[in-house]
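Worksheet: one structure, shown below.
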Amino acid sequence: MENQSRNGNTNSGGQISGLVPANEVLTMVIYYNDGGNCPIDIDALYTQQIGPFSSDTTLPTIVLEPPTTIDPNTTVVKGTLVNCNNENIMSGYINLLSQGINLYCAVNNGTFQFNVRTCNPNQNSFTMSCSAFGVVSIATRDGILNNGPVDLGIIPVCDVIADPPDPDGTFTDIDQNNYTYIAIGQQTWLQQNLNVSRYSDGTVIPQVSDPAAWASLTTGAWCYFSNNDAAGTTFGKLYNWYAVAGIHDNDPSTPNKTLAPAGWHVPTDAEWTTLTDFLGGVAVAGGKMKTPLNWQAPNAGATNSSRFTALPGGYRDFNGSYSSSGGFAGWWSATEFDAVSSWSRNVIYLGPNASRVTAKKARGFSIRCIKD
């Protein structure tokens, strides 16, 4: 999760919890939001460096005095989506970004309407994207929240309809592992995590169990969670990102291998975003991806309505240690962030969100393939 910030809200007891990187110094910043009003001072109420943590930790109680509040400005944003034939779009959603906050709204028989609260009069612009299920492109609009109705009128979302995804089916990899695959929106995904021990050309990917050996790797490798072979049956293998990239030796002139079986590939960061957007956005997509069973409580929001069937396989940290079995599922993307880290996605037991984060390439995550 390097170079990234995360946020969350306290519960009714004033508590917040979640996963943080081990053995790293973090900066915790606390803001005030009473759920109905806006603070006069929108700056941070409290800032403190915390960590590094090597185990589960409960921080001391932090006592804050909330700022004086004022009523927020509320703007109604509405409009109508139509297709190429100027017919109302029956199925779609709106994503509006303002003040660093993403809001989502479903389209109902072509129309949408939702309230947007503005806490800072100097930050009242918005950018909105309008998507229709089954349509390749989206329409975008920019505007200003002015404490009154913003009627965007008729917005055409018109493009070529994508080919339908493959129907449900089965697939067998090079190691004779069996998978099922399903359509989610216009994409076709495997329902299980990858479990191959060889690249697509048959080259062996080494299994590395020793923590120190794992931590020093700059080439592809895999392991089972906690070095337990039985974990592979349920959760598949954990791979470092070098395996995703097909880096099989230390000679930079050697062509990289291909990890995914023929006809499939490791999804890009953009393809993961397409999935979570289709499932309603990152705030709720994780719940639609997680199975209701097999996760530790509370497994918030888990319905598996997408049939993605995310199981809590945990992960391996860059130092070779294992963590979060029962409460975390994480998958690599094929997209690099920088020289030492790459984009990934994860879901956790504490909430319904699907997080887009960067992780060091030496970590061990699951891989979920998407059809070419």
Side-chain angles (χ1 to χ4, degrees), residues 1-2 19 21-24 54-55 173-179 190-250 256-261 264-267 294-296 309-334 336 340-349 357-369:
M1 302 182 189
E2 295 75 22
L19 299 173
N23 303 311
E24 296 184 16
S54 59
S55 61
D173 68 22
I174 193 172
D175 290 337
Q176 300 305 302
N177 297 305
N178 295 317
Y179 306 84
L190 292 181
Q191 279 188 296
Q192 297 82 26
N193 295 332
L194 194 64
N195 201 23
V196 294
S197 61
R198 293 180 285 170
Y199 294 108
S200 61
D201 68 351
T203 301
V204 172
I205 308 169
Q207 179 182 7
V208 178
S209 302
D210 179 72
W214 180 274
S216 65
L217 287 169
T218 55
T219 56
W222 65 269
C223 61
Y224 292 123
F225 186 88
S226 291
N227 300 323
N228 179 6
D229 290 1
T233 302
T234 302
F235 303 116
K237 292 176 172 61
L238 299 176
Y239 300 85
N240 61 17
W241 192 84
Y242 305 111
V244 175
I247 301 173
H248 59 98
D249 61 28
N250 289 308
N256 292 346
K257 303 291 185 179
T258 300
L259 175 62
W264 299 83
H265 62 273
V266 179
N294 302 310
W295 287 75
Q296 70 187 76
T309 314
L311 294 170
Y315 69 97
R316 191 172 196 178
D317 213 340
F318 53 83
N319 62 6
S321 63
Y322 294 94
S323 182
S324 301
S325 176
F328 174 95
W331 306 273
W332 285 118
S333 84
E336 285 184 286
V340 297
S341 58
S342 297
W343 287 109
S344 67
R345 294 298 190 282
N346 67 58
V347 296
I348 61 174
Y349 72 102
V357 297
T358 61
K360 289 185 176 178
K361 296 175 181 178
R363 283 184 173 163
F365 282 165
S366 301
I367 291 175
R368 188 66 69 92
C369 291

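Being a predicted model, the structure only gives us computed values, none of them experimental.
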Test your reading of the model: is there a side-chain donor-acceptor pair from W332 to the backbone of Y239, 3.5 Å cut-off? yes

How close do E336 and S342 get, counting heavy atoms only, and between which atoms? CA-OG, 3.7 Å

Could you walk me through whether Y179 and L194 pass the side chain to side chain contact (heavy atoms under 4.5 Å, CB included) test, one step at a time? CA-CA 9 Å; Y179 306 84; L194 194 64; 3.8 Å; yes

Nearest atoms (heavy-atom pairs only) where G246 meets Y199: CA-CE2, 3.7 Å

Is the ring centre of W222 less than 6.0 Å from the ring centre of Y224? yes

At their closest point, which heavy atom of Y242 faces which heavy atom of G220, and how far apart are they? CB-N, 3.5 Å

Taking the six-membered ring for Trp, is the centroid-to-centroid distance between Y349 and W295 below 6.0 Å? no

S321 and N319: CA distance, side-chain angles, deciding distance, side-chain hydrogen bond (donor to acceptor under 3.5 Å, both in side chains) verdict: CA-CA 6 Å; S321 63; N319 62 6; 2.7 Å; yes

Heavy-atom check, side chain of S333 versus side chain of V244, under 4.5 Å: no

Side-chain contact test, heavy atoms from C-beta onward, threshold under 4.5 Å: evaluate it for L259 versus V196 and give yes or no. yes

Pairing donors with acceptors under 3.5 angstrom, does anything connect the side chains of S323 and D317? no

Taking the side chain as everything from C-beta on, heavy atoms only, tell me whether S197 gets closer than 4.5 Å to K237. yes

Side-chain donor-acceptor pair present, W331, N193, cut-off under 3.5 Å: yes

Using a 3.5 Å distance criterion without hydrogens, assess whether the side chain of T234 forms a donor-acceptor pair with backbone atoms of A231. no

Taking every heavy atom of P21 against every heavy atom of R363, the minimum-distance pair comes out as CB-NH2, 4.0 Å

Between T203 and D201, is any side-chain donor less than 3.5 angstrom from a side-chain acceptor? yes

Is a side-chain donor-acceptor pair under 3.5 Å present for Y322 with N227? yes

Any side-chain heavy atom of N346 within less than 4.5 Å of one from F365? no

To the nearest 0.5 Å, atom CD of Q296 lies from atom OG of S324 at 8.0 Å

With a 4.5 Å cut-off on side-chain heavy atoms, are T309 and Q192 touching? no

Quick check for you: to the nearest 0.5 Å, what is the distance between N256 atom CG and D249 atom CG? 8.5 Å

Minimum heavy-atom separation for V208 to A221, with atom names? CG2-CB, 3.7 Å

pair F235-P312: side-chain heavy atoms closer than 4.5 Å: yes

With rounding to the nearest 0.5 angstrom, report the SG to CG distance, C223 to D210. 11.5 Å

Any non-hydrogen side-chain atom of T358 less than 4.5 Å from a side-chain atom of S344? no

Backbone of G232 reached by a side-chain donor or acceptor of D229 within 3.5 Å: no

In Å, rounded to the nearest 0.5 Å, how long is the span from OG1 of T258 to NE2 of H265? 12.0 Å

Give, for atom CD1 of I367 and atom CH2 of W241, the distance between the pair rounded to the nearest 0.5 Å. 10.5 Å

Specify the closest pair of heavy atoms between A260 and C369, including all atoms of both residues, with the distance to one decimal. CB-SG, 4.0 Å

Decide yes or no for R368 and L190: does some side-chain heavy atom of the first lie under 4.5 Å from some side-chain heavy atom of the second? yes

Measuring from Q176:CD to N195:CG, what's the distance to the nearest 0.5 Å? 12.5 Å

